[in-house]
Number of protein chains: 4
Amino acid sequence: MRIEFDPNTPIYLQLMQLIRQAAAAGQLLPGGKVPSVRELAVEYAVNPNTVQKALAELEREGLLVTERTAGRRITDDVEKINQLRAELARQQIDHFAGQMLALGFERKQLLELLTEKWGIGNGHH
Amino acid sequence: MRIEFDPNTPIYLQLMQLIRQAAAAGQLLPGGKVPSVRELAVEYAVNPNTVQKALAELEREGLLVTERTAGRRITDDVEKINQLRAELARQQIDHFAGQMLALGFERKQLLELLTEKWGIGNGHH
Amino acid sequence: MRIEFDPNTPIYLQLMQLIRQAAAAGQLLPGGKVPSVRELAVEYAVNPNTVQKALAELEREGLLVTERTAGRRITDDVEKINQLRAELARQQIDHFAGQMLALGFERKQLLELLTEKWGIGNGHH
Amino acid sequence: MRIEFDPNTPIYLQLMQLIRQAAAAGQLLPGGKVPSVRELAVEYAVNPNTVQKALAELEREGLLVTERTAGRRITDDVEKINQLRAELARQQIDHFAGQMLALGFERKQLLELLTEKWGIGNGHH
DNA sequence: GTGGTCTAGACCACC
DNA sequence: GTGGTCTAGACCACA
């Protein structure tokens, strides 16, 4: 999980996105413990303050909950997590299609490109 | 062409990307004139200095050339523009696939989602 | 280090040259810290933005590296700095000889002039 | 005499310097005719306005004089031209030595470098 | 009117 | 306190 951050966007936002993805992908389970601020700071080689800010924001979003003394957990609201996953996917797809169409790619070309690279489109044929 | 910028990334980088896309998509033709700094500034409702910085960077990249007092043009190096378009597309595809796989989507699901939204994959067959 | 800038060339270019020289002459050591933007701005009595532009350019050249929030350093690539010194010297020599020859000075006269002023040529012989 | 101008200093100043040098070096003789604005503009591929400005400045300096209808001539004040030549040489030498010393070169090294490149110093030995 | 530079002053993310 | 970005407004050289 060595990550290099885009120096042009706030690190705490990129951390938030990473954690959202981990939760949406099920790497962090609903109700499961989130690594401590210190652990995350070491893991991602960033300042603990930055981790702190990211986690606080995610808490505000309702994705994380803190337990007095026992650190933070992912929300156990499974429905919320499903919504998150769908929302993140929608964002990606919208952005991707928007950008590719802006570049002048047609649906047919998009299919070809995706097929070339990852075999998408001839999956189970 | 009303655009709203992502407040979390420098505007000049977003301007650069917009212009790269316009050039790659053929909206700005090789050898064609680029709107003046002042025009772009009013069009995108940003400060002329910000436009200036974006254009200067693109010039350093070789996408634009300036003619002393006669404004800027897109490079007439068509090959360079083709490379740019391919590179931009590759970036989008890589990023998209990376994010979607990180969210736990499989190739098959990806295909379905794309098909749902834009009919990719069942084009004219 | 009071400097007066040539009003006919951009200040940021003159700043770049000053810093290049300081690095080449060893006044700024490889890997050593560069004064902050704000410090340089007051030292040279110019706007911080102007310093910023100069340093950003030098960074693009590879002479400087920035450490997120810990200021800038001279590259620790000693070879690069040696090359820089040689290049700067070459430029000066070429320019000097070109100008003096254009003024109709012969090699012999050049030698005499230099000898007169700084004793070059009769060093310790 | 194909010249490429430094884009970072006003062209008219560079033109002035070229003409000063030509006069100091004797390529343009005291009392001799100076090419017309149009001719110079073509020769140096610059705007006639720019040439005009350069010549007007040189006139103000006393290096050039205009004759009603017959164009411009170099001043016939030979002493003035000699002074000019000495002054230009002095500037070059001062600047050169200042820069090289700033780069940390010693007199001995300077001599070696000059000798290497143009044989200065072993002229008539 | 074009690009380019500079100043002044503000705000932000990060440490 | 550090680098980085942005705005607002001014001035200059050049065509």
Side-chain angles (χ1 to χ4, degrees), chain A residues 5-15 41 45-54 57, chain B residues 5-16 33-41 44-59 64-73, chain C residues 5-16 33-41 44-59 64-73, chain D residues 5-15 41 45-54 57:
Chain A
F5 294 101
D6 176 357
N8 295 311
T9 41
I11 291 179
Y12 81 95
L13 290 177
Q14 301 181 57
L15 279 177
V46 293
N47 191 287
N49 289 338
T50 306
V51 176
Q52 178 63 32
K53 181 163 186 178
E57 284 287 326
Chain B
F5 294 103
D6 174 356
N8 295 310
T9 42
I11 293 178
Y12 82 94
L13 290 177
Q14 300 180 56
L15 281 176
M16 287 173 69
K33 287 214 57 172
V34 176
S36 81
V37 169
R38 290 155 172 83
E39 284 171 352
L40 289 172
Y44 292 110
V46 294
N47 189 285
N49 286 336
T50 305
V51 175
Q52 173 73 19
K53 183 167 185 177
L55 297 187
E57 289 280 339
L58 289 173
E59 201 165 344
L64 304 185
V65 292
T66 91
E67 304 177 325
R68 297 291 282 168
T69 172
R72 286 186 172 89
R73 295 184 175 280
Chain C
F5 294 104
D6 175 355
N8 295 312
T9 42
I11 293 177
Y12 82 95
L13 290 177
Q14 300 180 57
L15 282 177
M16 287 174 68
K33 285 214 58 171
V34 175
S36 80
V37 169
R38 288 155 173 82
E39 284 171 353
L40 289 172
Y44 292 111
V46 295
N47 188 283
N49 285 336
T50 304
V51 177
Q52 173 73 18
K53 183 167 185 177
L55 298 187
E57 288 280 339
L58 290 173
E59 201 165 343
L64 304 184
V65 292
T66 91
E67 305 177 326
R68 298 290 283 164
T69 171
R72 286 188 172 87
R73 296 184 174 280
Chain D
F5 294 102
D6 175 356
N8 295 311
T9 41
I11 291 179
Y12 82 94
L13 290 177
Q14 301 181 55
L15 279 177
V46 294
N47 191 290
N49 289 338
T50 306
V51 176
Q52 176 65 30
K53 182 164 185 178
E57 285 288 325

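Bear in mind that the values here come from a model prediction, so they are computed numbers and not experimental data. Here is how names work: the chains are called A, B, and so on, in the same order as the sequence lines, proteins then strands, and each is numbered from 1.
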For this session: List the steps and the verdict of side-chain contact (heavy atoms from CB on, under 4.5 Å) for B:Tyr44 and B:Leu15.
Result: CA-CA 9 Å; B:Tyr44 292 110; B:Leu15 281 176; 3.8 Å; yes
Problem set entry | For C:Ala56, all residues meeting side-chain contact (heavy atoms from CB on, under 4.5 Å), sequence neighbours excluded |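 In terms of side-chain contact (heavy atoms from CB on, under 4.5 Å), with neighbours along the sequence ignored, C:Ala56 is linked to no residue.
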Problem set entry | By side-chain contact (heavy atoms from CB on, under 4.5 Å) - contacts of C:Glu57 (at least two apart) |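 Only B:Arg60, C:Tyr12, C:Met16, C:Arg60 meet the side-chain contact (heavy atoms from CB on, under 4.5 Å) criterion with C:Glu57.
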For this session: Sequence neighbours left out, what passes salt bridge (Lys or Arg N to Asp or Glu O under 4.0 Å) with C:Glu67? Give chain and number order.
Result: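 Once residues adjacent in sequence are excluded, the partners of C:Glu67 under the salt bridge (Lys or Arg N to Asp or Glu O under 4.0 Å) criterion are C:Arg73.
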Problem set entry | salt bridge (Lys or Arg N to Asp or Glu O under 4.0 Å) against B:Glu39, all qualifying residues, sequence neighbours excluded |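 Residues passing salt bridge (Lys or Arg N to Asp or Glu O under 4.0 Å) with B:Glu39: none at all.
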Please state how far atom [atom1] in [X] lies from atom [atom2] in [N], giving the value in whole angstrom units.
{"X": "C:Arg73", "N": "F:dT2", "atom1": "CZ", "atom2": "C1'", "result": "13 Å"}
{"X": "C:Glu59", "N": "F:dT2", "atom1": "CD", "atom2": "C1'", "result": "13 Å"}
{"X": "B:Lys33", "N": "E:dT2", "atom1": "NZ", "atom2": "C1'", "result": "8 Å"}
{"X": "C:Glu67", "N": "E:dC14", "atom1": "CD", "atom2": "C1'", "result": "14 Å"}
{"X": "C:Phe5", "N": "E:dT5", "atom1": "CZ", "atom2": "P", "result": "15 Å"}
{"X": "B:Asp6", "N": "E:dC12", "atom1": "CG", "atom2": "C1'", "result": "14 Å"}
{"X": "C:Gln52", "N": "E:dT5", "atom1": "CD", "atom2": "P", "result": "15 Å"}

Exercise. Where do B:Asn8 and A:Asn8 land on the side-chain contact (heavy atoms from CB on, under 4.5 Å) test, with the steps shown first?
Worked result: CA-CA 8 Å; B:Asn8 295 310; A:Asn8 295 311; over 6 Å; no
Exercise. How does DNA chain E read in dot-bracket, base by base from 5' to 3', with Watson-Crick or G-U pairs under 3.5 Å and | used when the partner is on another strand?
Worked result: ||||||||||||||.
For this session: Start with the C-alpha distance between B:Arg72 and B:Val65, add both sets of side-chain angles, then the distance that settles side-chain contact (heavy atoms from CB on, under 4.5 Å), and finish with yes or no.
Result: CA-CA 6 Å; B:Arg72 286 186 172 89; B:Val65 292; over 6 Å; no
Problem set entry | Reading 5' to 3' through nucleotides 6-15 of chain F, protein heavy-atom contacts under 4.0 Å coded B for base, S for sugar-phosphate only, - for none | BBBB---SBS
For this session: Could you give me the CA-CA distance, side-chain angles and deciding distance for A:Asn47 and C:Thr69, then say whether side-chain contact (heavy atoms from CB on, under 4.5 Å) is met?
Result: CA-CA 11 Å; A:Asn47 191 287; C:Thr69 171; over 6 Å; no
